Amino acid sequence: MATTPLLPDSRTESDGSAVVRVLSYNIRSMRDDVRALARVIGACAPDLVLLQEAPRFFRWRKKLARLASESHLVMLSGGATAAGPALLCSLRATVERTEDVLLPLTPGQHRRGFATAVVRFGGARVGVLSCHLSLDRNERYAQGGMLLDRLAGMGVEHVVAGGDLNEGPDGRTFRRLGESLTDCWAAAPRGGEHTWVRNEPHRRIDALFVSEGVDVLGCGVPHGQPGVSERDLAAATDHLPVLAALRVPAA
């Protein structure tokens, strides 16, 4: 397995801009090895974590709080109140506001939602959105439009959105997002590409996107990141995480 060139560490620049490490991860309701999951997240040293398939049922808050604590992070928003997407953050973040959004329910499909927040790092202000889009291609496409509308209504210049899109870059919803936002892996690939590895061929169905003005310093599956073992990646969940380093300009 090829190793990932190390991404820049988090820092605040003299001009007020900030280098922020962002992780997107489908955690399969924490049904696998939670200790391995926490080790992977903690070793990536993220400032923001965009989760999908967070626990939604009995004692879901307690389970998310445990994961956040073992990963040296805190809960930010989401979980059952967003139908699965959730956000964690480091103590470096100053939280302005959070909002959990439930999307229209299509009969016969799973309820979907967005976990959103506006946070600051130094002089940088950024909107954040975690999503898990539908398995149905038509509903998924509509949800992609709702995602873009939600970002546009957050009232911030710079945004990062990501999650499990349930389709690859050749899909029309993925392309729709890429027409308005920058696909971080395509802009600066530094790490593995494929996030769904339990099929052939492997696919990139998990992604991070940013708005214009955010500089992507590198993005990919963190193979070779210190503290991230292939054994833990295999044991933690059925997806692989996406880690990006972003430079967000000062507001």
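Remember, it's a predicted structure, so these values are computed and weren't measured experimentally. Residue numbers start at 1 and run along the sequence shown.
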- Could you check Leu51 against Leu64 for side-chain contact (heavy atoms from CB on, under 4.5 Å), going step by step and ending with a plain yes or no? CA-CA 10 Å; Leu51 298 176; Leu64 263 183; 3.8 Å; yes
- Query: Passes side chain to side chain donor-acceptor pair (under 3.5 Å), Ser17 versus Asp15? Steps please.
  - Reply: CA-CA 6 Å; Ser17 65; Asp15 63 358; 2.6 Å; yes
- Task: Carefully, step by step, assess Leu148 and Leu181 under the rule side-chain contact (heavy atoms from CB on, under 4.5 Å).
- Result: CA-CA 9 Å; Leu148 294 172; Leu181 304 168; 3.9 Å; yes
- Message: Go through it in stages, so that I can follow the logic: the residues are Thr106 and Glu139, the test is side chain to side chain donor-acceptor pair (under 3.5 Å), and I'd like the CA-CA distance, side-chain angles, deciding distance and then a yes or no.
- Response: CA-CA 8 Å; Thr106 300; Glu139 184 180 43; 2.7 Å; yes
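With hydrophobic clusters built from ILVMFWY side chains whose heavy atoms lie under 4.5 angstrom apart, Leu243 shares a cluster with Val221. Hydrophobic clustering keeps Leu50 apart from Val19 (ILVMFWY residues linked when any side-chain heavy atoms are closer than 4.5 Å, directly or through intermediates). Leu217 and Val20 are members of different hydrophobic clusters when ILVMFWY side chains are connected at heavy-atom separations under 4.5 Å. Taken together through direct or relayed side-chain contacts under 4.5 Å among Ile, Leu, Val, Met, Phe, Trp and Tyr, Leu240 and Trp185 form parts of separate hydrophobic clusters. Residues Val216 and Val242 are members of one and the same hydrophobic cluster, defined by side-chain heavy-atom contacts under 4.5 angstrom among Ile, Leu, Val, Met, Phe, Trp and Tyr.
In plain terms, the two heavy atoms of Cys89 and Leu48 that are nearest each other are CB-CD2, 4.0 Å. Nearest heavy atoms, Asp32 versus Ala236: CB-O, 3.2 Å. Across all their heavy atoms, Leu87 and Thr116 have their closest contact at CD1-C, 3.7 Å. Closest heavy-atom contact between Ala54 and Gly79: CB-CA, 4.4 Å. Ser24 and Ala207 make their closest contact through OG-O, 4.4 Å (heavy atoms, listed as atom of the first residue, atom of the second, distance). Smallest separation of non-hydrogen atoms from Gly168 and Ile205: N-CG2, 4.1 Å.
One N or O on the side chain of Glu167 and one on the backbone of Phe174 form a donor-acceptor pair closer than 3.5 Å. A distance-only check finds a donor-acceptor pair linking the side chain of Arg140 to the backbone of Ser134 [under 3.5 Å]. Between the side chain of Arg111 and the backbone N or O of Leu102, no donor-acceptor pair lies under 3.5 Å. The backbone N or O of Gly220 lies less than 3.5 Å from no partner atom in the side chain of Arg190, so there is not a single donor-acceptor pair. Without hydrogens or angle criteria, Arg21 side chain to Pro8 main chain gives a donor-acceptor distance under 3.5 Å. A donor-acceptor pair is defined here as one N or O able to donate and one able to accept, closer than 3.5 Å; no such pair exists between the side chain of Thr195 and the backbone of Arg204. Checked by atom type and distance alone, the side chain of Arg92 never pairs as donor or acceptor with a backbone atom of Phe121 at under 3.5 Å. Remark: the backbone N or O of Leu103 is not paired with any side-chain donor or acceptor of Gln143 at under 3.5 angstrom.
Between the CZ atom in Phe57 and the OG atom in Ser29 there is a gap of 7.5 Å [rounded to 0.5 Å]. Atom-to-atom distance recorded for Leu151:CG and Leu147:CG is 5.0 Å, nearest 0.5 angstrom. The OG1 atom of Thr182 sits 12.0 Å away from atom CG of Leu208, with the distance rounded to the nearest 0.5 Å. Distance check: Cys44 SG to Arg39 CZ gives 13.0 Å after rounding to the nearest 0.5 Å.
Of the residues listed (Val22, Ile41, Leu88), the one engaging Pro46 in a side-chain contact (heavy atoms from CB on, under 4.5 Å) is Ile41, and it is the only one.
Among residues two or more places apart in sequence or in another chain, the side chain to side chain donor-acceptor pair (under 3.5 Å) test is passed with Thr94 by none. Shown here are the side chain to side chain contact (heavy atoms under 4.5 Å, CB included) partners of His110, two or more places apart in sequence or in another chain: Arg112.
A salt bridge links Arg120 with Glu96; the closest basic N to acidic carboxylate O contact falls under 4.0 Å.
Surrounding CZ of Arg35 are at most 12 heavy atoms belonging to other residues, nucleotides or ligands under 6.0 Å away. A 6.0 Å sphere centred on CZ of Arg231 holds no more than 12 heavy atoms belonging to other residues, nucleotides or ligands.
In this structure, a donor-acceptor pair under 3.5 Å is present between the side chains of Ser130 and Gln52.
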Please output the side-chain donor-acceptor pairs of residues 152-165 that fall under 3.5 Å, not counting sequence neighbours, one pair per line with the distance.
unit_1	atom_1	unit_2	atom_2	d
Asp164	OD1	Asn166	N	3.0
Asp164	OD2	Asn26	ND2	2.9
Asp164	OD2	His132	NE2	3.1

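Taking the six-membered ring for Trp, Trp196 and His239 have ring centres closer than 6.0 Å.
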